[in-house]
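Positions are given from 1 along the sequence.
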Amino acid sequence: MTSTLDPQQIEQISNYDGEKRLKYSIKEMVAQREIWILTDEHGCVMLNTEDEDCVPVWPHQEFAQAWATGEWEECKPEAISLNKWHSRWSYGLEEDELSVVVFPNQNEEGVILFPDEFDFELKKQASKAR
């Protein structure tokens with residue numbers, strides 16, 4: 001159910017601040033019914049902060065793909081269905097004590113949420129969308 005974005009939309013959305021990117025992401029993830037991550041031969045790409053290890057997630061393939069440069073150029077965007085996210089990923093991330101960084105920009109800035117907080121935001125948006 002992926003929709004493509006034109007370069008102007010990508011640039012405009014990429015320049016949103018962290019909170020606006022979070023709101024945009026939650027809305028789009030629910031509308032598209034998928035969440036994008038980056039993977040390589042070792043699994044899911046991770047970002048590390050001083051306090052936490054995070055899985056970066058994006059609302060569209062184009063944003064994930066834009067991250068696949070430099071040390072991550074071998075990485076491939078992968079879509080995870082919303083159902084699979086709710087049934088497996090949220091629990092798995094909590095078990096592994098990982099957080100989610102939503103739509104990090106090129107400076108690695110994004111809103112960090114615990115998996116249950118991210119799940120809550122997705123479900124809250126889904127209930128609004130009905």
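When all heavy atoms of F114 and S99 are compared, the pair lying nearest together is CD2-OG, 3.7 Å. Of all non-hydrogen atoms in A79 and E34, the two that sit nearest each other are CB-OE1, 3.7 Å. Scanning all heavy atoms of the two residues, the minimum distance from P59 to E28 falls at CB-CB, 3.8 Å. Across C75 and D40, no two heavy atoms sit closer than the pair SG-CB, 4.0 Å. Of all non-hydrogen atoms in V100 and C54, the two that sit nearest each other are C-CB, 4.5 Å. Heavy atoms only, all atoms of each residue included: L38 and P77 are closest at CD2-N, 3.6 Å.
Rounding to the nearest 0.5 angstrom, the gap separating the CG atom in L93 from the CG atom in D116 is 11.0 Å. Residue I37 holds its CD1 atom at 3.5 Å from CH2 of W89, rounded to the nearest 0.5 Å. Note: K128 NZ to I26 CD1 = 10.0 Å, rounded to the nearest 0.5 Å. Between the CD atom in Q32 and the CG atom in L82 there is a gap of 11.0 Å [rounded to 0.5 Å]. Interatomic distance, K84 NZ to S90 OG, rounded to the nearest 0.5 Å: 13.0 Å. Residue H86 holds its NE2 atom at 6.5 Å from CD1 of I35, rounded to the nearest 0.5 Å.
A donor-acceptor pair is defined here as one N or O able to donate and one able to accept, closer than 3.5 Å; no such pair exists between the side chain of Q125 and the backbone of L122. At distances below 3.5 Å, not a single donor-acceptor pair connects side-chain atoms of W36 with backbone N or O atoms of Q65.
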- Message: Applying side chain to side chain contact (heavy atoms under 4.5 Å, CB included) to L22 and F103, what does each step give before you reach the verdict?
- Response: CA-CA 7 Å; L22 170 66; F103 198 161; over 6 Å; no
- Item | Check against side chain to side chain contact (heavy atoms under 4.5 Å, CB included), V57 and I80 | CA-CA 10 Å; V57 296; I80 297 169; over 6 Å; no
- Item | side chain to side chain contact (heavy atoms under 4.5 Å, CB included) between E19 and V111, worked out | CA-CA 7 Å; E19 200 57 41; V111 176; 4.1 Å; yes
- Task: Report the C-alpha distance between V55 and M46 in whole Å, list the side-chain angles of each, state the deciding distance to 0.1 Å, and finish with yes or no for side chain to side chain contact (heavy atoms under 4.5 Å, CB included).
- Result: CA-CA 5 Å; V55 172; M46 307 277 283; 3.7 Å; yes
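In this pair, Y16 and Y24 present their aromatic rings perpendicular. The plane angle is above 60°, beyond the 30 to 60° band. The aromatic rings of F118 and W85 sit perpendicular to each other, their planes meeting at more than 60°, with 30° as the lower class boundary.
F120 is not connected to L98 by any chain of hydrophobic side-chain contacts under 4.5 Å among Ile, Leu, Val, Met, Phe, Trp and Tyr, and they are in different clusters.
P104 has its side chain within reach of W58: a pair of non-hydrogen atoms, C-beta onward, lies under 4.5 Å apart.
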